Protein chains: 2
Amino acid sequence: MAFQIDTTQHRREQILDAARQLFADKGLHHVTTRQIAAAVGISQPSLYAHFPNRDSITVELCVRAFDTLQARLQAAVAGTGTPAQRLFRLGLDYIGFGLQNEAAYRIAFMADLPNDASGQGNLVLQASVQAFGVLHGLIGEVHGHGQPESDVIAQSTWASLHGMVALLLARPQFPWVDLETLIATHLDQLCAMALPDAAAPAPQSAP
Amino acid sequence: MAFQIDTTQHRREQILDAARQLFADKGLHHVTTRQIAAAVGISQPSLYAHFPNRDSITVELCVRAFDTLQARLQAAVAGTGTPAQRLFRLGLDYIGFGLQNEAAYRIAFMADLPNDASGQGNLVLQASVQAFGVLHGLIGEVHGHGQPESDVIAQSTWASLHGMVALLLARPQFPWVDLETLIATHLDQLCAMALPDAAAPAPQSAP
DNA sequence: GGCTATAGGTTGACATCGTCTGCCAAGTCG
DNA sequence: CGACTTGGCAGACGATGTCAACCTATAGCC
């Protein structure tokens, strides 16, 4: 009786859930469509009734993850505090997201999608760029939205944030110093760089 | 007469050259062993007389690339100038290397090697870590080699450098600001962060 | 010279991958 | 009732990485 409900979108969600789990367990490139289908309990070609191809599954997972990231970043920025405090929170959430959603972050930034120009890659691009938009907005809020300086600083800051996530994901076995210290220091220096006058030891800005 | 020489190691080099070219052209995951073999002019299973498997080819290419990176970084650090100037040069070389050796950089930092613990992945880890060692040495030279602070700053700096390369490679279509400005600013702020007192060096280079 | 070991090559096959085609069952609606 | 749609299935396809068996010519020894 209650069985009937799932015929529409429920299967899609089941597939996405199974894929997310498998990706997290075995890594992106080592999950096959047959494994996903088996985890759901359907035959493998049936996947193609819900998704046009394998990449679509990863892309949809990725886009969803980045939507939640964007929401988290927006919440971090919207809170009270000095710009430095808000940027610090944003950075902490960004790095935390990357470390906790390794599969999604890898899909978005560390996979070479074949057809970046064709539709699928664009969805990922768009989703990740929207998340960057939150950072961009905060920097613009401080430096003035039109200023070219604002764009440069926002992109440079993004690079530093991304670098920490990407490096920690790519080199888990590296003898890192205490993670909390590393991330806190990184964010402190980021804030000092990105904001003009902040209380922390700030760099000189060229006249 | 001179034909005879190639029977030993020449074929390995031919294979590596062909693979490097194909990787650069088509992207890592879209090159097959059959394509490599065809480019060399031998049958595909013959590759396995020179390499135990496909990954070995990519790993060897990658290790070699990072050996040259390490040499470049060492040359940059060894030159004259203030620590800030030497760090700036190192950063410029690091980013330049990443952008010019996209395939190798992707293999090293943006691919999820299956068996990171088993031998092959370790070679890549080792090679990339040795390159980091040059940066680590320069930072230690300024902050004191034993100091835990030195390690934190070196790793944070590495993350920022890596982030710029990785992001530019991953998002070539993003509306970046002028690349020279972006990189120069990024490096300036990096130097200001990583070095204790240093007035900003800001040597603009215009290739 | 003749014999043999061996490095480097080939052909052919294998399992597995993503994907496509064709067919079937059941629900929906005229 | 009958037609259409939806979701499922089995089977097959080409391409991929890899392996096994066999050939061939050179090098080194007797």
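This one's a predicted model, so the numbers in the text were calculated from it and none came from an experiment.
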Q: Just N and O in the side chain of A:His50: are any of them under 4.0 Å from OP1 or OP2 of D:dT6?
A: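 Negative; the distance criterion is not met.
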
Q: Ring centroids only, cut at 6.0 angstrom: are B:Phe66 and B:Phe109 within range, meaning strictly under it?
A: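 Under 6.0 Å, so yes.
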
Q: Nearest whole Å is fine: how far is C:dG9 C1' from B:Arg12 CZ?
A: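 In whole Å, C:dG9 C1' lies 17 Å from B:Arg12 CZ.
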
Q: Checking side chain to side chain donor-acceptor pair (under 3.5 Å) for the pair A:His29/B:His29: CA distance, chi angles, key distance, verdict?
A: CA-CA 10 Å; A:His29 292 300; B:His29 293 298; 3.2 Å; yes

Q: Taking the six-membered ring of A:Phe51 (Phe, Tyr or Trp), confirm whether the NZ or CZ of A:Arg12 is under 6.0 Å from its centre and within 45° of its axis.
A: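 Judged by the rule (NZ or CZ under 6.0 Å from the ring centre, within 45° of its axis), A:Arg12 counts as positioned above A:Phe51.
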
Q: Side chain to side chain donor-acceptor pair (under 3.5 Å) for B:Ser43 and B:Ser46? Distances and angles first, verdict last.
A: CA-CA 6 Å; B:Ser43 88; B:Ser46 295; 3.2 Å; yes

Q: Between D:dG7 atom P and A:Leu47 atom CG, what is the distance in whole Å?
A: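 So the CG-P distance, A:Leu47 to D:dG7, works out to 13 Å.
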
Q: May I have the step-by-step check of side chain to side chain donor-acceptor pair (under 3.5 Å) for A:Arg171 and B:Ser128, ending in yes or no?
A: CA-CA 10 Å; A:Arg171 291 281 177 276; B:Ser128 65; 3.1 Å; yes

Q: May I ask you to evaluate whether B:Ser46 reaches the phosphate of C:dT10, defined as a side-chain N or O under 4.0 Å from OP1 or OP2?
A: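 Looking at the OP1 and OP2 atoms of C:dT10, one of them is under 4.0 Å from a side-chain N or O of B:Ser46.
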
Q: Rounding to an integer number of Å, can you tell me how far B:His29 NE2 sits from D:dA15 C1'?
A: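 Between C1' of D:dA15 and NE2 of B:His29: 17 Å.
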
Q: Expressed as a whole number of angstroms, how long is the span from B:His30:NE2 to D:dA15:P?
A: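 It works out to 16 Å between those atoms.
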
Q: Looking only at heavy atoms, what is the nearest atom pair of B:Ala131 and B:Leu73, with distance?
A: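 Here B:Ala131 and B:Leu73 meet closest at O-CD1, 3.7 Å.
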
Q: Could you state the atom-to-atom distance from NE2 of A:His10 to C1' of D:dG8 in whole Å?
A: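 Spelled out: NE2 on A:His10 to C1' on D:dG8 is 17 Å.
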
Q: Rounded to whole angstrom units, what separation is found between the CZ atom of B:Phe51 and the P atom of C:dG9?
A: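 For the pair B:Phe51 CZ and C:dG9 P, the rounded distance is 12 Å.
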
Q: In whole Å, I'd like the distance from the CD1 atom of A:Ile42 to the P atom of C:dA25.
A: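 My rounded result for the distance is 19 Å.
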
Q: How does protein contact run along nucleotides 14-22 of chain C, one letter per nucleotide 5' to 3', with B for base contact, S for sugar-phosphate only, - for none, heavy atoms under 4.0 Å?
A: ---BBBB--

